[in-house]
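Data first, discussion second: the structure below is written as structure tokens.
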Amino acid sequence: MANVSITVNGKLRTADVEPRLLLVHFLREQLNLTGTHVGCDTSQCGACTVLVDGRSAKSCTIFAVQADGSEVTTIEGLAAGDGQLHPLQDGFWEEHGLQCGYCTPGMIMSAVDLLNNNPSPSEREIREGLDGNFCRCTGYQHIVNAVQHAANKG
Amino acid sequence: MVGQRIKRREDPRLIQGRATYVDDIKIVGMEHVAFARSDIAHGRIRSIDTSAAEAMAGVTAVLTGAQVAEFVGPVPIITPFPSPDHRAVVVDTVRYVGEAVAVVVATDRYIVKDAADAIVVDYDVLPAVVDTEQAMTGQPAQLHADFENNLAIALVPSGTGVSPDGQTVDDTAIDKAFADADVVVSQRMVNHRLAPSAIEPRGTVAHYEPGHDKMTIWSSTQVPHLLRGFIARMNDMGEDQVRAIAPEVGGGFGAKIQAYPEDYVVAGLSKKLGIALKWIEDRSEAFLATTHGRGVIGYIDIAATKAGKVLGMKLRLIADIGAYNTLFTAAIPTFTTLMANATYDIPAIRTTITEVFTNKTPTDAYRGAGRPEATYFVERGLDMLARKLDMDPADVRRRNFIQPDQFPYTTQMGAVYDSGDYTAALDRALQNSGWDKLKVERDQAQAEGRLVGLGLAMYVEVCGLGPSAVLPTGGWEHSQVTIERDGRINATTGASPHGQGNETTFAQMLADQFGVPLDHITIHHGDTAVAKQGIGTFGSRSQAVGGAALHLAGGKVKKKMAKFAASLIEAHEDDLVFENGRISVKGAPDSGKSFAEVASYAYVPVVGGAVQLPDGLEPGLSEEAFFEPSNNTYPFGCHIALLEIDRETGEPTLLRFVAVDDAGNLINPLIVEGQIHGGLAQGIGQAMIEEVRYSEDGQPLTGSFMDYAIPRAADLPRFELDSTVTPTPVNPLGAKGVGEAGTLGSTPCIVSAAVDALSQFGVTHIDMMLRPEKLWQIINGGQS
Amino acid sequence: MIPSAFEYERATSVDDALAKLAATGATGKFIAGGHSLVPLMKFRLNEPTTLIDIARIPGLAGVRDVDGAIEVGAGTVHHDVATSSLLRQQCPVVAETAGTIGDPQVRNRGTLGGSLAHADPAADYPAVMLAVDAEIHLRSSRGPRVVPASDFFQDLFTVDLAPDEIITAVRFAPVRAAAYAKLYQRASRFAIVGVAAALDVADGVIRSARVGLTGAVSHAVRLTAVEEALAGRQPTSEVVAEAAQLAGSDLEDVAGDIHASETYRRAMVPVFAKRALDGALARLPQR
């Protein structure tokens, strides 16, 4: 067992974990933050995307021990906490950027990183910036619209 | 409300990570299940060594197929066709890579994987057969003893001159069509295997409570009510003792219209052990153990005059169904033959179906389920005809359309098309794409040496499944609408959604029906203890059947409520209107009572201290309805693709995609667009980047997203959508269904565009997917 | 998919990392971003007894100018390489190549050193390391060692890196006139064929060219026939087109798989060689 201290959504969380515990399972099983999902085994689908120290990362390809001392933001911690949605959450809602919703938390977290790096992306840049996230429902057009919606507001 | 682009009421929980999918469910004392799976395609189990697994700390149980068979019977199917013995966990012979050979229960989801990994199986390896037409020779492998030459179903005819039972066959008309023809086009086409790939893999939590003798099963399913029935039957329980819950479901696309072996094993083990159990599928398992789609070879022959009028068509289907029949497997190709008439007035059609076992994952429904195959074969055939006659592909279609005044139109295949205006959809698509200008631009590009091509396809789809005569599950849908005492509306639907947005569209309908705000309405679904009856969500039926049931139930309760209101207002019920949260006499809005006042009266029908029940009504406002459709609906449309192929690499790029879809009346155009986008993405994926492949010995070669591509955002263009509206008379909403439409027209129009781009190299047909290497070979003088 | 159990330690310095690795015998492995290793561990294709985390060793990450050469720390993640202003200005091909790896999330975690040590035959970095003629800097308890990229990549998943060595950095002289061109495998986004080309042009003549190829054979190789055909010639698109035709003609054992047959891969080598060379030409100072 290894002791980890990870600041998750602004709150320091300390636990003894097996070294092989994946960050996504630490979040989901130990912290009950089940908004982060698992969709594949090979780091492709991006459903597990969270921010680690401010950057998008696939939490199914990181051991919790590697994130010791890091700051992690999940979909649950994205909104300001004053009842206001994050502009991207708002964009996804307004533009119908989701259907089944399973890819959505990871998609939104990737879009956060995308807009952090490039606050006014072109449509092409949005599409390429979401290379690491699969959606099987929407055909992505409304997702692109959602990111544009947030960019225009931001 | 109906007809407006309203943002979804489902979304707040989904965009904040507050939804509950099956893997989010935890029950005190719950343990975990994992399966050991075959890594060979065909072989007899000589021995299974479970000792290492059993010795691991935390392991509760390890069971082989024989042990599972003591309490889990053969896996049932729903189609009326012969089917081989199919065990949830293999007892003696494995028939595809990924078939379960043992099951483990442990206290921890990591330990259960360690234990499954420690199970050692020794096989007598048998030869495997992967190629469908090879399998029909019975060599080198015979999968099931009672199915000679691996034929599950052989040469079942239908169409012109065939009696409905298939017993008598008269070839006169079809023979005459081909004898009279000026031209005949013939082509073998492959509509290849796909992995449905919902981003949420499957999962099941089963909780048998011994003290109550009741079972609750949470499953990522499109059909909780059907699952309830199967789980009850397989566990010798009554349907009243089983509660099935589809929590938030992360996509289905047909692969979750199923009761899978894992569902039966997890439920059976929960009952046997008396504890709650969870099984969550890995993506690697999903590629092997979740049903695949398509996998059909079509031999098409079209007989036509030199003016392009189609006289007759033959379509011979050979379906690769994998190692077993699953729930609907055998029926999927019947949807292909049913839709062989497409949008055309074809006087003679003969189809046959052959279904073949191979050493691969079973196939079953995948978005479109048989209809995309029909559209692909017929539309590609017509495109070949147009090319042969040197006609514009639009003109060949126009010449053969069923005309608006011919509806209802009975096809040679026995379908009765409800309504349609195919010329209108075609014309709109031609106009929106700038077809004539595009043709000039394509010619210019080709003259400059660029490989640019244009493709066009029509489609018509059978949707709104039932009726009950064609669905062994029953083809109706159910709804219950309750006006609560406070005037709020609680409604249930048996159409259990997984992204379709029923919580929004159904609320829009009720808001209009009752004249109340949207946020006074809640739609419940997916829990058989709440939505007490239902069939489920598939076959683009949510709105056309489920929505209609809701509308009927709403109508019933509205009628009753009007009687209460009439009594309270002292007016005639026929004179009342439901508007702005009030029920009042038409033309006199101040005359009435608030919705809540009337509701309250219906539950406490006391006036001046005495019970006063109008017309001898029972108290309360809750009515249910089963809607049995009189027919299917037949939405249609026209899709156009502009594609360019890189001359050096063969890589295709989709430049434009124009779609005109007619799904009848639309409840929420925003949601409809989303459905069409998603269908298009899957159709484009099939045409361009998706294909399940196996090695000759049955090893999967596309077993992860490292090798099986599904479209990413950058793979797709911005779709150009439009619609025409031809309501259906089949249901009171006039809505036809739209969930699968995008998968139909997209594959033939993209392939036709690729053929158009490469026709200068003498090619007349290219099988999907449009692998760059395949196109590069054509460019470089090789065969496709 | 769950990996087998293992022990975990975090290294505080390169020496500490080497000592911790030595203590495991031959059964431990370094982990930095883990984006090559963790998926293999999940499939239990790689089951180290101990992971030694080198991600936070001070000084192991970063892009810096060292006496006119550019040094990229082995622990630098692909995103930081792709967005490095030093690289974008002085040696854009390296940044450009990093930007084609995987996807944004992978680029936020995966490291240069990890990619080089793993040496996937379809990885992007090896081609560009050959094109910029990078030195691969290694350390072990025996001391530092420098291996030229042209000697480093040896075979399938095999590089000149001893079991007790660690990659600390790569160093190269910046070259502006260089570019990378890649035929993507649509599912994995690895290279079916990837070519990086660098031109040294003076007085209107190509003094030398270096062309690195990945994806086609078991390990990244230089396309020497192309390089030789370019030397001494004028930097024009006709010249590079002619030279590119020679690309891959002498390759043996070109790979074939479900995504591209040997024949097709072989045919794509000159196509992408030409695209890379054209890209390099486009980065020459305008006359």
Side-chain angles (χ1 to χ4, degrees), chain A residues 18 20-21 25 28-29 32-47 74-79 85-86 88-90 92-106 108 123-124 126-144, chain B residues 5 7-8 10-21 23-24 26 109-110 196-201 248-253 280 282-284 286 497-501 670-671 673-682 684-685 704-706 710-716 718-719 721 742:
Chain A
E18 231 192 321
R20 64 170 168 164
L21 182 70
H25 288 140
R28 289 180 49 81
E29 309 279 329
N32 286 316
L33 293 169
T34 57
T36 303
H37 299 144
V38 178
C40 77
D41 315 317
T42 50
S43 321
Q44 250 90 32
C45 82
T74 71
I75 188 72
E76 290 93 340
L78 189 59
L85 293 174
H86 183 277
L88 273 160
Q89 290 171 318
D90 208 36
F92 273 70
W93 192 9
E94 290 293 332
E95 299 292 338
H96 186 29
L98 61 149
Q99 289 176 28
C100 83
Y102 195 77
C103 76
T104 308
I108 289 176
E123 170 153 358
R124 194 75 218 159
I126 292 171
R127 288 180 182 270
E128 287 173 358
L130 298 175
D131 260 346
N133 293 78
F134 292 177
C135 170
R136 194 61 158 163
C137 292
T138 64
Y140 301 98
Q141 189 151 317
H142 285 160
I143 291 176
V144 172
Chain B
R5 304 169 67 89
K7 65 181 184 179
R8 296 200 318 172
E10 289 86 341
D11 292 358
R13 64 178 185 266
L14 297 167
I15 56 179
Q16 298 182 88
R18 289 175 179 162
T20 304
Y21 296 85
D23 196 13
D24 304 338
K26 282 185 181 176
R109 73 189 296 167
Y110 280 35
S197 304
I199 304 300
E200 182 202 30
E248 208 76 60
V249 173
F253 313 114
I280 300 296
D282 286 332
R283 177 62 55 191
S284 306
H498 38 286
Q500 289 83 358
L670 183 64
I671 287 177
E673 283 167 21
Q675 289 292 314
I676 293 171
H677 290 164
L680 291 178
Q682 288 180 2
I684 292 165
S704 79
F705 286 134
M706 290 290 281
I710 66 170
R712 292 173 165 90
D715 293 327
L716 300 170
R718 180 161 280 268
F719 308 122
L721 301 193

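Letters A, B, ... mirror the listed sequences (proteins, then strands); counts begin at 1.
Judged by distance alone, with hydrogens and angles left aside, the side-chain atoms of B/Q682 form a donor-acceptor pair with the main-chain N or O of A/R136 at under 3.5 Å. Using a distance-only test at 3.5 Å, with no hydrogens or angles considered, a donor-acceptor pair links the side chain of B/R712 to the main chain of A/D131. Looking at B/Y21, its side chain does come within 3.5 Å of a backbone N or O of A/G101 through a donor-acceptor pair.
A salt bridge between B/D715 and A/R127 is absent, with no side-chain N of the basic residue lying under 4.0 Å from a carboxylate O of the acidic one.
Of the two parts of B/R18, neither the backbone nor the side chain holds a non-hydrogen atom closer than 4.5 Å to a non-hydrogen atom of chain A. Of the two parts of A/L78, neither the backbone nor the side chain holds a non-hydrogen atom closer than 4.5 Å to a non-hydrogen atom of chain B. Of the atoms belonging to A/R124, it is side-chain heavy atoms, and not backbone ones, that fall under 4.5 Å from chain B. Both the backbone and the side chain of A/L21 come within less than 4.5 Å of a heavy atom of chain B. For a residue to count as touching a neighbouring chain, one of its non-hydrogen atoms must lie under 4.5 Å from one of that chain's; by this rule B/Q500 does not touch chain A. Contacts of A/N32 with chain B are made by side-chain atoms alone, with heavy-atom separations under 4.5 Å and no backbone atom involved. Of the two parts of B/I671, the backbone and the side chain both hold a non-hydrogen atom closer than 4.5 Å to a non-hydrogen atom of chain A. Interface remark: A/E18 contributes side-chain atoms only to the contact with chain B (heavy atom separation under 4.5 Å). Residue contact with chain A, scored on non-hydrogen atoms closer than 4.5 Å, involves the side chain of B/R109 exclusively. Heavy-atom distances place both the backbone and the side chain of B/Q675 under 4.5 Å from chain A. Contact annotation for B/P497: neither backbone nor side-chain heavy atoms come within less than 4.5 Å of a heavy atom of chain A. Using a 4.5 Å cut-off between heavy atoms, B/L680 does not touch chain A at all.
Partners of A/Q89 according to the side-chain hydrogen bond (donor to acceptor under 3.5 Å, both in side chains) rule, which considers only residues two or more places apart in sequence or in another chain, do not exist here. In this view, A/T138 and A/Q99, A/C135, A/I143 satisfy the side-chain contact (heavy atoms from CB on, under 4.5 Å) rule, not counting sequence neighbours.
Listed options A/E76, A/E94, A/H142 were ranked by heavy-atom pairs under 4.5 angstrom with chain B; first place goes to A/H142. Per-residue heavy-atom pair counts under 4.5 Å with chain A were compared for B/S284, B/G252, B/S704, B/G251, and the maximum is reached by B/S284. When A/T34, A/T42, A/D41, A/I75 are compared by the number of non-hydrogen pairs under 4.5 Å with chain B, A/D41 comes out ahead.
Nearest approach of A/C100 to B/L14, heavy atoms of both residues: O-CD2, 3.9 Å.
Residues A/V38 and B/D23 fail the side-chain proximity criterion, which asks for heavy atoms closer than 4.5 Å.
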